[in-house]
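Have a look at the structure below before the remarks.
Along the sequence shown, residues carry numbers from 1.
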Amino acid sequence: MNIAFFLLPKQEVICLTLESTLRQTLERMEYHRFTAVPVLDKNGEYAGTVTEGDLLWHMKNSEGKITFENASKFLLKDVPFRMDIKPVSIDARMEDLINLAKVQNFVPVVDDMNRFIGIVRRSLIIEYCERFVSKETMESQGAS
């Protein structure tokens, strides 16, 4: 099985850039009801994933300097990403994808130049596995 089979392409993924403001980030995450979003640099390379927790901790640790009202003055590139959401190469093995999906809700996918090309959602992998197990179960019951 090829990773591309599961790929949600970049144009269908909500992404942010390191140059996004904190307010843009908060509003975009709220609008789409996401708790984590991939972040790209100016070259389209995967830079990491920002989470709600990253934003909350950054605002808390600013000692009152950052509020929702002035969040448009601060950039996402200054927010430390606490979770290391690792990407997988488009030509990686399925085992690599599954190992990352066990601990991440989605797995960013990059090309051989580290350019972000999309994500694989853990739910798609689980649905695929469910169909595989169901088929196997039905075949074993039919053979009995």
Side-chain angles (χ1 to χ4, degrees), residues 1-140:
M1 180 65 55
N2 189 319
I3 289 175
F5 177 76
F6 297 102
L7 185 71
L8 182 65
K10 178 181 177 178
Q11 58 268 23
E12 296 178 31
V13 177
I14 303 305
C15 298
L16 297 161
T17 67
L18 290 170
E19 301 304 315
S20 299
T21 68
L22 294 189
R23 185 171 183 127
Q24 289 169 327
T25 302
L26 288 163
E27 288 176 345
R28 199 142 197 218
M29 290 175 81
E30 177 186 29
Y31 179 80
H32 294 284
R33 295 179 181 233
F34 292 145
T35 58
V37 178
V39 180
L40 311 180
D41 69 10
K42 63 183 177 207
N43 299 318
E45 294 180 10
Y46 175 70
T49 295
V50 65
T51 66
E52 288 177 326
D54 296 334
L55 299 172
L56 290 170
W57 285 112
H58 185 64
M59 292 175 79
K60 177 201 170 280
N61 293 332
S62 76
E63 299 176 354
K65 293 178 192 158
I66 303 173
T67 64
F68 184 72
E69 288 73 31
N70 71 2
S72 59
K73 297 178 183 176
F74 299 91
L75 299 180
L76 189 53
K77 69 180 177 184
D78 298 320
V79 175
F81 300 157
R82 295 179 315 119
M83 296 186 69
D84 186 21
I85 306 295
K86 296 188 183 322
V88 67
S89 171
I90 188 66
D91 57 3
R93 300 172 316 143
M94 280 301 293
E95 292 82 9
D96 298 329
L97 175 67
I98 291 169
N99 281 328
L100 288 174
K102 287 190 298 190
V103 295
Q104 300 174 187
N105 285 333
F106 64 86
V107 179
V109 181
V110 296
D111 66 12
D112 57 352
M113 308 236 336
N114 197 42
R115 285 184 303 247
F116 179 79
I117 58 174
I119 63 170
V120 174
R121 293 181 178 144
R122 179 169 48 196
S123 60
L124 276 178
I125 296 169
I126 293 171
E127 287 172 10
Y128 173 79
C129 292
E130 177 187 34
R131 286 193 303 270
F132 182 76
V133 169
S134 294
K135 179 182 173 193
E136 200 172 78
T137 302
M138 290 178 80
E139 287 174 359
S140 69

Looking only at atom types and distance, does a side-chain atom of [X] sit under 3.5 Å from a main-chain N or O of [Y], one as donor and one as acceptor?
X: Arg23; Y: Phe68; answer: yes
X: Asp111; Y: Ile90; answer: no
X: Asn2; Y: Ala4; answer: yes

Taking all non-hydrogen atoms of both residues into account, name the closest pair between [X] and [Y] and its distance.
X: Leu26; Y: Met59; result: CD1-SD, 4.2 Å
X: Ala101; Y: Ile125; result: CB-CD1, 3.6 Å
X: Pro108; Y: Lys86; result: CD-O, 3.5 Å
X: Ile85; Y: Gln104; result: CG2-NE2, 3.4 Å
X: Leu8; Y: Arg121; result: CD2-NH2, 3.3 Å
X: Asp54; Y: Thr49; result: OD2-O, 3.6 Å

Would you give the length of the straight line joining atom [atom1] of [X] to atom [atom2] of [Y], rounded to the nearest 0.5 angstrom?
X: Leu100; Y: Phe106; atom1: CG; atom2: CZ; answer: 11.5 Å
X: Ser62; Y: Asn70; atom1: OG; atom2: CG; answer: 8.0 Å
X: Leu124; Y: Cys129; atom1: CG; atom2: SG; answer: 11.0 Å
X: Glu19; Y: Asp41; atom1: CD; atom2: CG; answer: 9.5 Å
X: Arg93; Y: Ile98; atom1: CZ; atom2: CD1; answer: 10.5 Å
X: Thr51; Y: Met83; atom1: OG1; atom2: CE; answer: 7.0 Å

Evaluate the side chain to side chain contact (heavy atoms under 4.5 Å, CB included) criterion for residues Asp91 and Asp112: first the C-alpha distance (whole Å), next the side-chain angles of each, then the deciding distance (0.1 Å), finally the verdict.
CA-CA 8 Å; Asp91 57 3; Asp112 57 352; 5.6 Å; no
Over 60° means perpendicular and under 30° means parallel, so classify the ring planes of Tyr46 and Phe116, tilted if in between.
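Because their plane-to-plane angle is under 30°, the rings of Phe116 and Tyr46 count as parallel.
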Less than 4.5 Å apart, side chain to side chain, heavy atoms only: is that true for [X] and [Y]?
X: Met29; Y: Glu52; result: yes
X: Val37; Y: Arg28; result: no
X: Leu16; Y: Gln24; result: no
X: Thr17; Y: Leu76; result: no

With a cut-off of 6.0 Å (strictly less than), are more than 12 heavy atoms of other residues, nucleotides or ligands near [atom1] of [X]?
X: Glu95; atom1: CD; result: yes
X: Glu12; atom1: CD; result: yes
X: Gln11; atom1: CD; result: yes

Where do Leu18 and Leu75 land on the side chain to side chain contact (heavy atoms under 4.5 Å, CB included) test, with the steps shown first?
CA-CA 7 Å; Leu18 290 170; Leu75 299 180; over 6 Å; no
Can you check side chain to side chain contact (heavy atoms under 4.5 Å, CB included) on Phe6 and Met94, steps first, answer last?
CA-CA 10 Å; Phe6 297 102; Met94 280 301 293; 3.2 Å; yes
Test log, rule side chain to side chain contact (heavy atoms under 4.5 Å, CB included), inputs Lys73 and Thr21
CA-CA 7 Å; Lys73 297 178 183 176; Thr21 68; over 6 Å; no
